[in-house]
Amino acid sequence: MRLHTLIPTLPADLVSAFESCGIKTDTDLLFFDGSNIELFAKLPRGLVTCGELDKYVSLVAERASAPGIRGDEELESALRKQREYALEISSGVSELDELVGGFGSGRVFEISGEKESGKTALALQISLRLLIAYPDTSVLWMDTCGDFSVDRTTRVANQLGAEDVSAVLERLQVALVLNIGDAQGLVADLRERADAGSRAGGPRVRCVIIDSITPLLAPSLSNISAHGHATMTTFMQDLRDFARTHYFTFLVVNDTSAVVQQNSNSPFVSAIRKPALGPSFTFLTDCTLWLVKHGDVEGEPASMHEAEVIRSRMMQSKTWCTFNIREGILYSATS
């Protein structure tokens with residue numbers, strides 16, 4: 001905070017004197033290399049007394065300090081926000097919901113797996129079930145590859161029993177995102193609207209899908225530069241903070257890369273593919289879900305899949321369940 005913004009709390013001539021001494025911000029003043037007496041000696045004679053200088057420094061410290069918050073008031077505020085904003089978000093497969101503790105509660109989920117493992121089908125089903133269950137909500141879908149299918153989405157919405165498919169699809173916002181800068185801009189705009197709360201009219205976005213995040217981050221990752229990793233870390237930390245603050249759900253689809261086996265304790269020791277973007281990416285989300293397609297269900301026009309929790313902050317890791325996909329819809333394997 002620049003000191004001139006504190007005029008008239010601070011006298012204008014005092015602010016000018018501070019600036020002539022190289023003290024232009026609250027940080028410069030509060031962390032001045034010396035005592036207030038040494039600072040007083042640098043000021044023009046007769047400008048202020050030593051006691052007045054102490055008072056003005058205290059005023060700056062007060063303006064620069066965050067207000068104190070009582071723990072019980074903060075807890076009540078968090079519980080009130082949770083009651084108001086937290087949603088029950090389901091995949092429609094009870095075993096899968098139990099595996100991750102539901103897809104709500106303000107978390108960032110990484111969904112990874114090989115081609116045709118069901119990553120996009122899972123994200124699409126969660127999105128449409130949310131839109132059908134909560135008519136006042138909206139979903140933002142960041143399409144990074146330009147392959148979002150309206151026909152497929154319409155068909156799945158019909159199969160999920162949407163009474164008014166057009167009304168549901170109107171609340172599914174699809175944005176073509178080709179670089180990380182565009183993604184950051186969308187998230188910043190979304191957060192600004194979320195901070196506005198009830199002042200923002202219309203359906204509120206409560207779930208964001210990035211399908212997939214790999215093309216946004218992989219080009220900047222390098223073994224010889226830390227810039228790409230820093231960008232990835234900052235972006236994902238922003239998502240997690242946003243999710244926890246406003247009880248949003250982020251579903252981040254991640255592609256795969258080949259396994260170069262060096263760690264015998266790796267969960268991918270017997271696999272030939274693993275989640276892309278490096279091992280640190282898993283620790284930037286709240287839950288990593290790995291999907292596998294095992295083949296067709298005998299006697300049925302469906303495929304059998306497995307979902308395994310590789311790592312989770314909320315639930316037990318290295319747990320799994322099976323489910324089927326029939327005509328783009330996820331079903332319990334026992335149904």
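The two residues Ile111 and Lys119 come nearest to each other via the heavy atoms O-CD, 3.8 Å. Listed here is the closest heavy atom pair of Leu39 and Leu29: CD2-CD1, 3.6 Å. The shortest heavy-atom contact between Ile325 and Gly118 is CD1-CA, 3.9 Å. When all heavy atoms of Cys21 and Leu43 are compared, the pair lying nearest together is SG-CD2, 4.4 Å. When all heavy atoms of Ala307 and Leu96 are compared, the pair lying nearest together is CB-CD1, 3.7 Å.
Between the side chains of Asp296 and Ser303, not a single donor N or O lies within less than 3.5 Å of an accepting N or O. Ser332 and Glu95 share a donor-acceptor pair across their side chains, judged by distance under 3.5 Å alone. In summary, the side chains of Ser16 and Asp13 do not present any donor paired with an acceptor at a separation below 3.5 Å, with no hydrogens or angles considered. His229 and Ser280 form a side-chain donor-acceptor contact under 3.5 Å, judged by distance and modelled atom types alone.
In this structure, Leu14 and Tyr56 have side chains that are in contact, with non-hydrogen atoms separated by less than 4.5 Å. Looking at Phe248 and Cys207, their side chains never come closer than 4.5 Å, going by heavy atoms from C-beta outward. Met1 is listed as a side-chain neighbour of Leu6, based on a closest heavy-atom distance under 4.5 Å. A 4.5 Å side-chain heavy-atom check between Trp290 and Thr256 finds at least one atom pair inside the cut-off. Between Val208 and Val139 there is no side-chain heavy-atom pair separated by less than 4.5 Å. Side-chain contact check for Phe281 versus Val252: some heavy-atom pair is nearer than 4.5 Å.
Here CG of Leu99 is found 9.5 Å from CD of Gln316. Values are rounded to the nearest 0.5 Å. In this structure, the separation between CZ on Arg240 and CZ on Phe250 is 12.0 Å, given to the nearest 0.5 Å. The structure places OG1 of Thr214 at 4.0 Å from CG of Asn254, a figure rounded to the nearest 0.5 Å. Rounding to the nearest 0.5 Å gives a distance of 7.0 Å between CE of Met236 and CD1 of Ile210. If you take CG on Asp195 and OG1 on Thr245, they are separated by 8.0 Å, rounding to the nearest 0.5 Å. The CG atom of Asp255 sits 9.0 Å away from the CZ atom of Arg273 when rounded to the nearest 0.5 Å.
Atom CG of Asp72 has more than 12 neighbouring heavy atoms from other residues, nucleotides or ligands inside a 6.0 Å radius.
Residue pairs satisfying the side-chain hydrogen bond (donor to acceptor under 3.5 Å, both in side chains) criterion with at least one member in residues 127-151, sequence neighbours excluded, are listed as follows: Ser138-Gln173. Sorted by first and then second residue, the ring pair (Phe, Tyr, Trp, His ring centres under 6.0 Å) pairs involving residues 101-126 (not counting sequence neighbours) are Phe103-Phe109. Residue pairs meeting the salt bridge (charged side-chain N to carboxylate O under 4.0 Å, His left out) criterion with at least one partner in residues 100-115, sequence neighbours excluded, are absent.
Phe283 belongs to no multi-residue hydrophobic cluster, having no ILVMFWY side-chain contact under 4.5 Å with any other such residue.
When the side-chain contact (heavy atoms from CB on, under 4.5 Å) test is applied to Ser166, the partners found at least two apart in sequence or on another chain are Asp164. With sequence neighbours excluded, the residues satisfying ring pair (Phe, Tyr, Trp, His ring centres under 6.0 Å) with His246 are Phe242.
Geometrically, Arg206 does not engage Tyr247 in a cation-pi contact, judged by NZ or CZ lying under 6.0 Å from the ring centre and within 45° of the ring axis.
For the pair Lys293 and Glu116, the salt-bridge criterion is met [side-chain N within less than 4.0 Å of a carboxylate O].
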